[in-house]
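These notes are about the structure you will find just below.
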Amino acid sequence: MPHHLMNLRHVPDDEADEIRALFDAHDVRFYETPPSRWGISMGGFWVHDTDEANRAKALLYEYQRQRMESQREAYEARRLSGESGGVWQMFRHKPVRTLAACVAILVIMGLSLLPFIRI
């Protein structure tokens, strides 16, 4: 029976490539189904054997722990250098785009609530 190791929906290409390389380096016999373009099927990495699934899950757990640490460090570095920020940072760098997005949100909210307000 196939064992689903990991969902590939919303997984960046670099992460999927690193996982393929990890499985190849450790001789994990896996196969891959791609996610659908419209988000109906999730796609993922699969194996047939239970022992292979346990070994692959242990490799994935360690890989994901290391990736989480490296991504947190990269985010902290971007945040400290001022490259990453919240709404205020976005407003300072792209004020017209941010105001246009806020206006669009208000218009959509207004149109959505208009039937309820008229009742």
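One is the number of the first residue; the rest follow in order along the sequence.
Considering OH of Tyr63 and CD1 of Ile19, their distance stands at 5.0 Å, rounded to 0.5 Å. Between Phe23 atom CZ and Arg55 atom CZ the span is 9.5 Å, to the nearest 0.5 Å. Atom CZ of Arg97 sits about 11.5 Å away from atom SG of Cys102, to the nearest 0.5 Å. Taking CG of Leu22 as the reference point, atom CD of Glu15 lies at 11.0 Å (rounded to 0.5 Å). To the nearest 0.5 angstrom, Glu52 atom CD is 10.5 Å from Phe30 atom CZ. Between Leu80 atom CG and Tyr75 atom OH the span is 9.5 Å, to the nearest 0.5 Å.
Environment of CZ in Arg92: crowded, with over 12 heavy atoms of neighbouring residues, nucleotides or ligands closer than 6.0 Å. Annotation: Tyr61, atom OH; neighbour count of heavy atoms from other residues, nucleotides and ligands within 6.0 Å does not exceed 12. Within a 6.0 Å radius of CE in Met68, more than 12 heavy atoms belonging to other residues, nucleotides or ligands are found.
Both Phe45 and Leu60 belong to a single network of hydrophobic side chains, linked directly or stepwise wherever heavy atoms of I, L, V, M, F, W or Y lie under 4.5 Å apart.
At a threshold of 4.5 Å between non-hydrogen side-chain atoms, the residues Asn7 and His10 do not count as touching. Two residues are said to be in side-chain contact when any heavy atoms from C-beta on lie closer than 4.5 Å; Val11 and Met6 meet this criterion. In this structure, the side chains of Arg67 and Asp14 come closer than 4.5 Å at one or more pairs of heavy atoms.
Partner Glu69 forms a side chain to side chain donor-acceptor pair (under 3.5 Å) with one of Arg72, Gln71, Arg65 and no other, that one being Arg65. Screening Asn54, Val28, Leu5 for a side chain to side chain contact (heavy atoms under 4.5 Å, CB included) involving Leu59 leaves a single residue, Val28.
In terms of modelled atom types and a separation under 3.5 Å, the side chain of Arg20 and the main chain of Glu32 share no donor-acceptor contact.
The two residues Ser41 and Pro34 have their closest heavy-atom pair at OG-O, 4.2 Å.
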